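Have a look at the structure below, then the notes.
All of these numbers come straight from a predicted model, not from anything done at the bench. Whatever order the structure lists ligands and atoms in, that order sets their numbers, starting from 1.
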Amino acid sequence: MRECESTMLNGRELATFRKQLLNWFHEFRRDLPWRRTRDPYRIWLSEIMLQQTRVVAAIPYYGRFLERFRDVRALAAAPQEEILRAWSGLGYYSRARNLQKAAQQIVAKHSGQFPARMEDALALPGIGDYTAAAILSIVFGEKYAVLDGNVARVLARLSAIRGDLRESLRWQELQETADHLLDPESPGDWNQAMMELGATLCTPKSPQCLLCPVAQFCEGRKLGIAESLPEKRKKRATVEVTLAAGVFTDEKGQTLLLPPPKNTKEKTSADHVPTLVSKMWHFPTLSVGAEPAAHLLAFLRRLMPEVHSHRWRLIPSGKVRHAVTYRAITLLPFLIRVRKLPRIRGARQVPLSDISGLPVSNLTRKVARSALAAAASVPAKN
Ligand code: SF4
């Protein structure tokens, strides 16, 4: 293997670098549930959950998910709705859908065993380079180095790399550096050690260089620029989105939720709604401009033309704010009290005070809380 140009480590330095990082990892690693196993299903699940979720937030979900779906066959056979319910609150629900699709492929094509070959792992839905490298190195000891934003930050500081790390040539260089540094004797521990360094010491803000086991090799630190690396990427401009939702409630406190589409191509009854709302069970919702109440009312009438809606009074509830990647959402919930909930094909009736019986997004939970607060402060007319 060629010398690593960016870190300029010779053979002996490289050996010291590896030894110091691994010793540190073995002594200080956090005791995380997925580090107590080599079971591919459990490692895979942890990697998927951690893709967009912090460790602390993922731990309780991980335990509950495994209690309910204890192996790949149980996951493959489960109703999708149950999987989404177990995922509910973690966000980025395509992860859960892909997890099940991949489980079904593993059962159908690999006799229920997670594939040990890179090309087979990459062919599974939801598994990219990083996840495949992490699973194959940790479970099977395959020599693949992981590279994600966390590891890239550590490498950029070690080698004092400036510029946008996600530019393809620079990313390729980082991958070469990661491959070069990888300890071929224990690739799984090595990858976890790099991730641990990025997660606990070489953090985005205020890296703790005084505690760092490889500080003597760090160019960024020597130059006094570690904290400013990686350089900021140009941020995508924020897009403001305004939505309105109708929260029906009957005399028993039941409300009405619309179903997610059966597949992504199918339009929902609320096809103006951004997919972040309509991919889960949701209140009737649409994008609005000026006069949100009038827009919402017109939309509800289109949704259920046979219902007598002339007595509906739309009671504005507290605004809900929610951010998803570059979108800043303002959602205006309107409480609509009715004696009997209108019937909509495919819709479900659930208690407004406990909508967790169905898989719903955090946004929908916030809307329910806002509507409940409005219901408590505006007395019902008899
Ligand atoms: Fe990160 Fe500091 Fe260690 Fe360099 S010395 S790798 S900046 S923690």
**Glu240/Arg321 salt bridge by N-O under 4.0 Å criterion** =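 Not counted as a salt bridge, because no side-chain N and carboxylate O are separated by less than 4.0 Å.
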Indicate yes or no: does Lys143 engage Glu185 in a salt bridge with an N to O separation below 4.0 Å.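 No.
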No waters, cut-off 2.8 Å: how many protein N, O or S atoms are close to atom 2 (Fe) of ligand 1?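 That number is 1, waters not included.
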List, one per line, each side-chain donor-acceptor pair under 3.5 Å for residues 118-131, sequence neighbours excluded.
unit_1, atom_1, unit_2, atom_2, d
Asp120, OD2, Arg117, NE, 3.2
Thr131, OG1, Gln51, NE2, 3.0

- Message: Within a 6.0 Å radius of atom CZ on Arg36, are there more than 12 heavy atoms belonging to other residues, nucleotides or ligands?
- Response: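 Check passes, neighbour count above 12.
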Who passes ring pair (Phe, Tyr, Trp, His ring centres under 6.0 Å) against Phe25, sequence neighbours left out?
->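 Counting only residues at least two positions away or on another chain, Phe25 forms no ring pair (Phe, Tyr, Trp, His ring centres under 6.0 Å).
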| message | If the condition is salt bridge (Lys or Arg N to Asp or Glu O under 4.0 Å), which residues does Asp164 pass it with, not counting sequence neighbours? | response |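 For Asp164, the residues satisfying salt bridge (Lys or Arg N to Asp or Glu O under 4.0 Å) (neighbours in sequence not counted) are Arg233.
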